[in-house]
Enquirer: 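Attaching a single structure in structure tokens format; questions to follow.
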2 protein chains.
Amino acid sequence: MSLDHILLGLLREPASGYDLKRLFDERIAHFWAAELSQIYPTLKRLEGRRWIRSRSAASMRGPRKRLYHLTPEGRRELVSWLSGPPRYGDERFSYLAQLFFMGELGDLNRTLRFLRGLREHFTAKLAALRSLERMWGDADPRYPDRLPDEDLHVHLALRKGLLSLEAHVSWCDESIARVAARAPDHGRGRRSRVVRKSDNRRLHE
Amino acid sequence: MSLDHILLGLLREPASGYDLKRLFDERIAHFWAAELSQIYPTLKRLEGRRWIRSRSAASMRGPRKRLYHLTPEGRRELVSWLSGPPRYGDERFSYLAQLFFMGELGDLNRTLRFLRGLREHFTAKLAALRSLERMWGDADPRYPDRLPDEDLHVHLALRKGLLSLEAHVSWCDESIARVAARAPDHGRGRRSRVVRKSDNRRLHE
DNA sequence: GCGTCCATGTAAACGGTTACATGATTGC
DNA sequence: GCAATCATGTAACCGTTTACATGGACGC
């Protein structure tokens with residue numbers, strides 16, 4: 001149950017459910033996501049286990065909030081999770097499943113559009129991550145080589161996101177080139193279309 | 001619902017639930033996984049929707065099996081899924097969450113062991129994918145440049161797995177080097193030993 | 001006064017995992 | 001005869017998503 005432990009990790013500094021959601025979106029989005037509707041009940045469960053405790057507190061803006069903070073038991077639980085072996089969940093990529101079967105359509109131009117869509121998506125995520133890195137770098141003159149050990153770990157996790165996304169984009173480029181070389185109109189514009197014999201091979205009806 | 005559509009895609013050739021499980025493990029494992037206990041009820045549901053139909057058939061080895069095959073409606077559904085936009089599910093990586101908070105432990109040697117564990121895991125998966133690629137290449141003299149368009153798509157999906165895993169391993173190497181440079185014993189065994197840079201550079205197993 | 005953000009939740013459904021159960025056939 | 005593999009399922013649970021619901025505080 002990673003969400004539990006991520007919340008414990010984040011709660012080294014007291015925070016409300018709403019705060020935690022913001023932390024997820026700002027700092028953690030590249031390897032985990034959580035909705036408020038999941039965060040709130042989870043916090044209650046963690047409090048039931050005595051891993052966190054809460055108190056009411058004023059907000060700077062808006063109504064009062066419920067501030068959660070870690071207990072010693074919670075800290076012990078966090079450490080035990082961190083000390084354990086790496087947890088791999090099996091990765092599922094719907095878009096690869098689509099690509100895998102896309103030969104069915106018998107339309108390379110469609111594949112090309114699909115791949116360009118992927119590339120756009122990945123470059124956008126990459127840009128977001130890079131700007132996150134830049135913000136961090138600007139705020140801390142020690143970034144990245146002289147960061148304290150603790151922040152080094154955060155940096156490594158971020159690097160994983162960057163390298164992964166760069167690889168995603170490279171793969172898109174490689175794939176687009178490969179498909180474009182075969183596509184009748186080299187994947188450009190909708191004009192200059194040559195009739196191929198493979199036109200018969202389509203599956204739809 | 002990707003599993004539904006993956007099953008439709010695989011059922012271009014008639015197959016039983018058990019057959020489909022083997023296909024998942026053999027050809028699809030790098031972007032999707034499914035258990036038999038999920039496959040069987042899903043097949044029933046798909047049959048309820050008239051996207052597939054089944055008949056009983058003899059097996060080469062073992063008891064009789066229930067062979068499923070695609071209906072025209074199922075084929076239409078498959079095509080509509082393939083024609084739609086790429087489906088991104090948000091990716092979650094527990095091991096990155098662990099790394100992110102691992103500064104808590106204040107023990108770089110532990111981080112180092114963790115990263116080496118990751119590297120081992122990824123190289124093993126990479127080796128498996130490479131052997132899958134090799135098997136494919138050996139079986140088809142057209143591989144990879146003169147593959148028919150349909151198989152090209154399968155190849156592209158496989159390439160994504162390869163490039164991704166290579167990036168994962170590179171990231172591990174980079175991270176290990178960075179942490180080892182700070183760790184009290186250079187991250188080598190119990191005796192302190194100097195790290196040569198050539199130690200990191202092997203990616204190929 | 002109205003919209004936006006702050007803040008906290010509940011309920012139903014969904015997709016997937018784990019554990020359990022059963023039995024046929026084949027090869028040794 | 002026994003183990004391994006082939007084959008098909010059910011039940012309980014878990015983590016997550018989607019939709020719904022409510023209301024306070026602040027800025028314009």
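Remember, it's a predicted structure, so these values are computed and weren't measured experimentally. We name chains A, B, ... by the order of the sequence lines, and we start the count at 1 in each one.
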Enquirer: For residues Ser170(A) and Asp173(A), is any side-chain donor paired with an opposing acceptor at under 3.5 Å?
Expert: no

Enquirer: Can you measure Asp90(B) atom CG to dT17(D) atom C1' for me and round it to whole angstrom units?
Expert: 10 Å

Enquirer: What is the nucleic acid contact for Arg45(A), judged by heavy atoms within less than 4.0 Å: base, sugar-phosphate only, or nothing?
Expert: nothing

Enquirer: In whole angstrom, what separates Glu35(A)'s CD from dT16(D)'s P?
Expert: 11 Å

Enquirer: Out of dT16(D), dT5(D), dG23(D), which nucleotide sits closest to the side chain of Leu3(A)?
Expert: dT16(D)

Enquirer: Is it true that Phe101(A) and His153(B) have ring centroids separated by less than 6.0 Å?
Expert: no

Enquirer: Closer to the 5' end of DNA chain D via nearest nucleotide, is it Tyr68(B) or Arg92(B)?
Expert: Tyr68(B)

Enquirer: Whole angstroms only, please: what is the CH2-P distance between Trp32(A) and dG15(D)?
Expert: 10 Å

Enquirer: Tell me the interatomic distance from Met1(B), atom CE, to dT18(D), atom P, rounded to whole angstroms.
Expert: 13 Å

Enquirer: Using whole Å, report how far NZ of Lys65(A) lies from P of dA25(D).
Expert: 14 Å

Enquirer: Would you tell me whether Arg66(B) and Ser54(B) have side-chain atoms, one donor and one acceptor, within less than 3.5 Å of each other?
Expert: yes

Enquirer: Looking only at side chains, do Arg64(A) and Ser56(A) share a donor and an acceptor under 3.5 Å apart?
Expert: yes

Enquirer: Rounded to whole Å, how long is the line connecting atom CZ of Arg64(B) with atom P of dT8(D)?
Expert: 11 Å

Enquirer: In this structure, how many angstroms lie between the P atom of dT10(D) and the CG atom of Leu43(B), rounded?
Expert: 12 Å

Enquirer: Between which nucleotides of DNA chain C, 5' to 3', does chain B make heavy-atom contacts below 4.0 Å?
Expert: dG15(C) to dG27(C)

Enquirer: Verify whether one side chain among His155(A) and Tyr143(A) offers a donor that lies under 3.5 Å from an acceptor in the other.
Expert: yes

Enquirer: CZ of Arg61(A) versus C1' of dG27(D): gap in Å, rounded?
Expert: 8 Å

Enquirer: Would you kindly check whether a donor in the side chain of Ser37(A) faces an acceptor in the base of dT16(D), or vice versa, at under 3.5 angstrom?
Expert: no

